[in-house]
Amino acid sequence: MIFTNKNSIIREFTKLIPWIIIVLCIGTQPSDFDLLGTGKANTLNATRLILAMATSLIIIIVFVFNVLKLFFVKTKLSKIDNKYLIFYLFLIYFIFQACGYFLNLSELRNKGYADSYYLIILSFAFIAYFFLIKKTTTLKNIKYFLYFLYFTICVAGLFLTVIHISKSSLESANYFSLYNSVLSQHQFFLNHELPRVTGISRTLSIFSIILISLYFLNKNKFVILFITTSIFVLSIIIFAFQSRGTILCYTLSLLFFLFLFKKESLKKKIAVICFSILLPYLSFEGIRHIQFESIKADNSFSIFSPFKKNELETVKIPFNKDSINTIILNKNRLLDMSSSGRIDLWKSSIRLYDKNLIFGYGPQGDRYLLRDNLKTHSANNVSNGYIYSFLSGGYFGFFIFIIIIINLLYFLFKSIFINKIFNSYNSTNKKLSLTIFVYFLLRINFENSFSVFGIDFILMFISILIFLIKEKKITL
């Protein structure tokens, strides 16, 4: 980013602070307010949410004031930029969720599910701020900041991966599968549960796809070697988490990404498939095999922990060594064809929904409806963005969300069949955005994903905005 002087750099960065504040509050919840002053971690959590809520409310007030000016002051409605129609659709989607929340507020309070209001405020403000900031700063500077957000979220994913592995592996003998290891017990960071393996593996897979885009842009051999090594290691970890949904989204979106680089050599594409899919999977299975052979021989193994003074700790295997071969097969989720229980969640949520409710139950309406599901299952999350939009926003919310999906599909259709983006040597940023569209359009079928405020929502917002901002030729 090139600015004329130091003051302009500070001024431009200051304009972007509200977005940073909102992103930093992810992982907090209104119950943190009650813990303010009861410890460093609790105070930090409460402060993060207080700052984000205050910032968001100010953004919403200013945004609403500007919208009202369009109707009550002699201002042309043509000033509304149709180019960003999809963001207006998101705002309407959140408004319908707010309607559902307030219409069912008394019932939500009685059941202890009335604190989800903050999701409406944060998500609405995050998008609304774009319409405010684009009046005072260039789209080029916004795009550079979005790249920074990409990088920050990916680094956070790497950090949480290290935390996950170090914490869970010391408490579980099932270290041969990060999925089983991580889920063996609830793990906490800053007094909040760490993200699920589906969330962390999602971030790592997006990071890997971003690195692959840099691989195509770069010509420096040493940089390419570093990038390919990083992708290889990340992909091994992704397979180790054994989230079938993530691996499906990662594989299919990666193949789509390679399709968009039609002008690249077949040799280069095959190389990408090898160091991002084939070799990482074979390496993961090889590591598992070697590890199990060692476990069978010694009935124990040592693991590394960067958070322990002794660095190495010996873990005794609690299961019978004679049955270990069966355990090896059973603990490999990639070979497990059984259902994860999502279909039952979908059926239960639709059955429990009051069909007379036009606007749904507000944000996290799925948790309210499935609150009794925890008695027999480990989740009260519906794990489907379409059903979530219906439960939270009702008929109108679901309708708007479908229009949002249609907009994303139109972006894909226009880019591929009309603009023929695959014939371009440039447009790498747009190709990356389209690939992330595909990733989350797949993921939304078995996760709430960008239908609710969170990392998926922010990554999708970034991808849409980068796609809509006109780009220039980029060379590295």
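This structure is a prediction, so every number in the text was calculated from the model and none was measured. Counting from 1, the numbers follow the sequence of the chain as shown.
Donor-acceptor pairing under 3.5 Å is lacking for the side chains of Thr28 and Asp32. In this model, a donor atom of one side chain and an acceptor atom of the other lie less than 3.5 Å apart for Ser31 and Gln29. With no hydrogens or angles considered, a side-chain donor-acceptor pair links Asn141 and Thr138 at under 3.5 Å. Side-chain polar atoms of Gln97 and Tyr93 form a donor-acceptor pair below 3.5 angstrom.
No more than 12 heavy atoms of other residues, nucleotides or ligands lie within 6.0 Å of CZ in Phe399, so this atom counts as exposed by the packing criterion. Atom NZ of Lys355 has more than 12 heavy atoms from other residues, nucleotides or ligands within 6.0 Å. Counting heavy atoms of neighbouring residues, nucleotides and ligands inside a 6.0 Å radius, atom OH of Tyr410 does not exceed 12 of them.
Aromatic rings of Tyr386 and Phe390 (six-membered ring for Trp) have centroids beyond the 6.0 Å cut-off, not under it. Remark: aromatic rings of Phe90 and Phe130 are distant, center separation not under 6.0 Å. A ring-centre distance under 6.0 Å is found for Phe396 and Phe96. Proximity of the aromatic rings of Tyr361 and Tyr113 is defined here by a centroid distance below 6.0 angstrom, and this criterion is not met. A distance of 6.0 Å or more separates the ring centres of Phe401 and Tyr388.
With a 4.5 Å cut-off on side-chain heavy atoms, Arg48 and Ile26 do not count as touching. For the pair Lys134 and Ile142, the minimum side-chain heavy-atom distance is below 4.5 Å. Within the 4.5 Å cutoff, no side-chain heavy atoms of Thr428 are placed close to those of Leu432. At a threshold of 4.5 Å between non-hydrogen side-chain atoms, the residues Ile59 and Ile22 count as touching. With a 4.5 Å cut-off on side-chain heavy atoms, Phe457 and Val452 do not count as touching. Inter-residue side-chain proximity for Phe216 and Val272 is flagged as met; some heavy-atom pair is nearer than 4.5 Å. The shortest distance between side-chain heavy atoms of Asn429 and Ile469 does not fall below 4.5 Å. Asp366 has its side chain out of reach of Ser349: every pair of non-hydrogen atoms, C-beta onward, lies at least 4.5 Å apart.
Counting only distance, with no hydrogens or angles, the side chain of Ser205 and the backbone of Arg202 share a donor-acceptor pair below 3.5 Å. Tyr368 places no side-chain N or O within 3.5 Å of a backbone atom of Pro363 that could act as its donor or acceptor partner. In this structure a side-chain-to-backbone donor-acceptor pair under 3.5 Å is missing from Thr246 to Gln242. Side chain of Thr251 to main chain of Leu248: no donor-acceptor pair is present (N/O by atom type, distance under 3.5 Å, no hydrogens or angles). Panel note: side chain Ser433, backbone Ser463; a donor-acceptor pair is recorded below 3.5 Å.
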(request) Begin with the C-alpha distance, continue with both residues' side-chain angles, and end with the deciding distance and a verdict on side-chain hydrogen bond (donor to acceptor under 3.5 Å, both in side chains) for Tyr250 and Ser235. (result) CA-CA 9 Å; Tyr250 179 49; Ser235 297; 2.9 Å; yes
(message) Between Thr198 and Phe446, is the side-chain contact (heavy atoms from CB on, under 4.5 Å) condition met? List the steps.
(response) CA-CA 11 Å; Thr198 54; Phe446 41 81; over 6 Å; no
(request) Step by step, work out the side-chain contact (heavy atoms from CB on, under 4.5 Å) result for Phe359 and Asn104. (result) CA-CA 9 Å; Phe359 296 107; Asn104 295 279; over 6 Å; no
(request) Take Ile127 and Phe94 through the test side-chain contact (heavy atoms from CB on, under 4.5 Å) and record every step on the way to the result. (result) CA-CA 11 Å; Ile127 289 182; Phe94 294 128; 4.2 Å; yes
(request) Could you give me the CA-CA distance, side-chain angles and deciding distance for Phe453 and Tyr118, then say whether side-chain contact (heavy atoms from CB on, under 4.5 Å) is met? (result) CA-CA 10 Å; Phe453 180 78; Tyr118 76 108; 6.0 Å; no
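With rounding to the nearest 0.5 angstrom, the CG atom of Leu442 is 13.5 Å from the CZ atom of Phe437. To the nearest 0.5 Å, atoms OG (Ser253) and CD1 (Ile206) are separated by 6.5 Å. With rounding to the nearest 0.5 Å, the separation of NZ in Lys430 from CZ in Phe411 is 9.5 Å. Here the CD1 atom belonging to Ile209 is positioned 11.5 Å from the CG atom belonging to Leu204, to the nearest 0.5 angstrom. One distance of note links OG of Ser383 with CD1 of Ile444; it measures 11.0 Å at 0.5 Å rounding.
Among residue pairs with one or both ends in residues 245-255, none qualify as salt bridge (Lys or Arg N to Asp or Glu O under 4.0 Å); sequence neighbours excluded.
Aromatic ring orientation, Tyr144 versus Tyr147: perpendicular (interplanar angle above 60°, classes split at 30° and 60°). Using cut-offs of 30° and 60° for the angle between ring planes, the Trp19 and Phe461 rings count as perpendicular.
With Phe261 as the aromatic partner, Lys431 meets the cation-pi criteria of under 6.0 angstrom to the ring centre and within 45 degrees of the ring axis.
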